[in-house]
Amino acid sequence: MHRAARTAARGWSGVVGATTTRRCLKCRVPLQLSSRAYGVVPTPRDSEEKEMLAQILRVDHAGEYGANRIYAGQMAVLGRSSTGPLIQEMWDQEKKHLAKFNEILAENRVRPTALLPLWNIAGFALGASCALLGKEGAMACTVAVEESISEHYNSQIRALMEKDPERYTELLQVIKEFRDDEMEHHDTGLEHDAETVPGYWLLKNAIQLGCKAAILVSQRV
Amino acid sequence: MALLLRGLRAGRALRGLGRVVAAPTAANPQSGGLSRGFHRAALRLQDESKSDKHPSSSSSSSSSSTYHEHYQAHHAEPDPAEGPRDDSTSDPAAEEAARPNTSYQDQGGEQGEEYETEEQLQARVLTAALEFVPLHGWSMEAVAAAAETLGLSSASTGMFHNGAGDLVLHFIAQCNSQLTEILVEQHNQVQLGQAEPKKTADFLRDAVETRLRMHIPYMESWPQAMSILLLPHNIPDSLKHLSTLVDDVWYYAGDRSTDMNWYTKRAALTGIYNTTELVMLQDSSPDFQDTWSFLDNRIQDVVNMAAAAKQAQATGETVVQGLMGAAVTLKNLTGLNQRR
């Protein structure tokens with residue numbers, strides 16, 4: 001009985017050792033036994049694909065980080081008002097998105113954008129200043145940002161589908177799920193009188209212009 | 001046996017190539033003479049493929065010739081007896097040998113037995129050249145000497161457009177990949193439970209020491225190598241190698257950060273590595289003990305700085321909380337908080 005338990009334990013540790021060896025071989029080493037169940041992103045076949053994936057992941061990570069900070073800014077102003085819980089709920093979903101992208105970035109050894117401190121401050125400032133215009137201002141900010149992000153995710157989905165939908169199945173799944181969440185936030189914002197803020201058109205376009213610039217820059221820097 | 005013969009033939013061919021390349025510079029290169037040389041070479045190629053003991057690979061070796069192997073097959077020894085062969089068969093062969101290989105299937109690179117890409121050949125020559133560096137320094141002389149030991153002409157150094165820079169960059173890339181292999185092996189050992197995970201500071205110290213020890217055989221000429229790396233056209237490549245080195249070391253040290261820490265950690269390690277490398281250049285202590293203690297101190301500095309930064313942040317947060325508390329108290333005292 002004792003011997004059986006010992007041999008069983010050794011066998012189990014052998015199995016565990018084998019799977020962990022395979023997992024850690026998923027590093028940047030030529031002989032890779034990557035099993036797709038572990039990772040969302042497939043191992044790049046050449047440096048071109050690696051660069052493309054890195055850019056996609058970097059800008060998505062930056063986007064979620066920025067969105068996180070925007071909601072933080074909104075909460076700082078409107079946290080104790082009646083819209084507090086609504087903003088908190090949307091913020092929690094963004095936190096989940098950010099956590100997922102942190103995980104993906106670490107796993108695939110992708111460099112995060114160097115402009116993160118800038119997005120930190122800019123996002124917070126944007127969220128806070130829009131929230132100072134009241135609840136409608138915050139909602140308008142949400143609508144503008146979420147529309148930009150959804151558009152951006154859609155173009156990424158299109159690009160990946162054009163390249164090879166089979167290969168990027170898991171990544172596409174993740175991006176689609178996040179895109180749906182962002183669309184939901186967008187609709188929530190519209191429901192809560194985003195359009196009634198004075199200067200809605202100007203505000204929305206200014207924010208969307210800023211978002212487009214941020215996306216362009218975060219891909220490479 | 002067949003492989004040995006083919007190798008010898010290839011060696012002879014390449015030496016012949018040297019003569020072909022050298023001859024036109026000495027004598028007047030006339031297009032007629034060169035085309036005759038090609039013609040004869042094509043005949044030779046046809047001859048080789050006919051007398052090949054492996055019929056299956058002969059067609060592939062003739063049709064999958066790259067530009068490089070095309071030259072390999074050339075015998076430039078003047079052979080007037082072979083001149084007047086039947087032209088009908090030689091012309092297609094000449095055409096076939098001269099046309100660049102655009103066939104989709106034959107560009108696999110592993111078809112023929114002695115097939116080797118140009119990159120592989122360059123790598124082989126540069127690796128061999130490292131042996132001659134203590135003698136000739138980081139220069140094309142070392143590469144030329146190595147080329148000759150491999151059976152190539154010393155003129156084949158012409159394929160290295162960056163000169164000594166190619167040699168140094170190749171050495172650096174080789175050292176970096178050796179280090180990565182060692183780090184992966186250590187990582188595997190830890191994963192399998194056969195080794196204890198090291199603390200970050202120790203890991204970094206061991207990794208940098210291992211990497212710098214690879215310079216010891218070339219220590220006398222290393223200042224020359226470093227100055228070559230500082231040439232403007234080499235700087236992008238050397239920075240790229242340095243950044244991949246530092247990224248690899250931090251990855252295997254366990255860094256999975258996705259914020260500014262990613263940058264600060266790598267910048268710190270780059271600084272440590274570069275300064276330690278410089279110290280090593282003028283270190284004359286036994287087994288570079290001074291360098292390793294310098295390395296220890298620098299890593300300790302970085303660790304202390306990180307701890308101090310964390311401390312400062314914690315203090316800052318506490319101070320802010322204190323200020324907020326004071327502000328709220330003041331508001332209460334002055335009655336601003338009361339709803340009227």
Participant: For atom CD of A:Glu89, is the number of surrounding heavy atoms from other residues, nucleotides or ligands below 6.0 Å larger than 12?
Facilitator: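 No, because the 6.0 Å sphere around CD of A:Glu89 holds 12 heavy atoms or fewer from other groups.
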
Participant: So, for A:Leu116 and B:Thr258, which heavy atoms are closest and what is the spacing to 0.1 Å?
Facilitator: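 So the minimum-distance heavy-atom pair works out to CD1-O, 3.6 Å.
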
Participant: Is it the case that more than 12 heavy atoms not belonging to B:Gln194 sit under 6.0 Å from its CD atom?
Facilitator: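 Yes, CD of B:Gln194 has more than 12 neighbouring heavy atoms, counting only those of other groups under 6.0 Å.
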
Participant: Begin from the C-alpha positions of A:Arg109 and B:Asp255 and carry the test side chain to side chain contact (heavy atoms under 4.5 Å, CB included) through to its verdict.
Facilitator: CA-CA 10 Å; A:Arg109 300 181 65 173; B:Asp255 174 46; over 6 Å; no

Participant: Compare every heavy atom of A:Ala114 with every heavy atom of B:Tyr263, then report the nearest pair and how far apart it is.
Facilitator: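 Nearest heavy atoms, B:Tyr263 then A:Ala114: OH-N, 3.1 Å.
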
Participant: Just by distance, do the side chain of A:Tyr65 and the backbone of B:Asp259 share a donor-acceptor pair under 3.5 Å?
Facilitator: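 The answer is no, because no donor-acceptor pair under 3.5 Å joins these two groups.
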
Participant: How many angstroms lie between CZ in B:Arg256 and CD in A:Glu107, if you round to the nearest 0.5 Å?
Facilitator: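 With rounding to 0.5 Å, CZ (B:Arg256) is 10.0 Å from CD (A:Glu107).
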
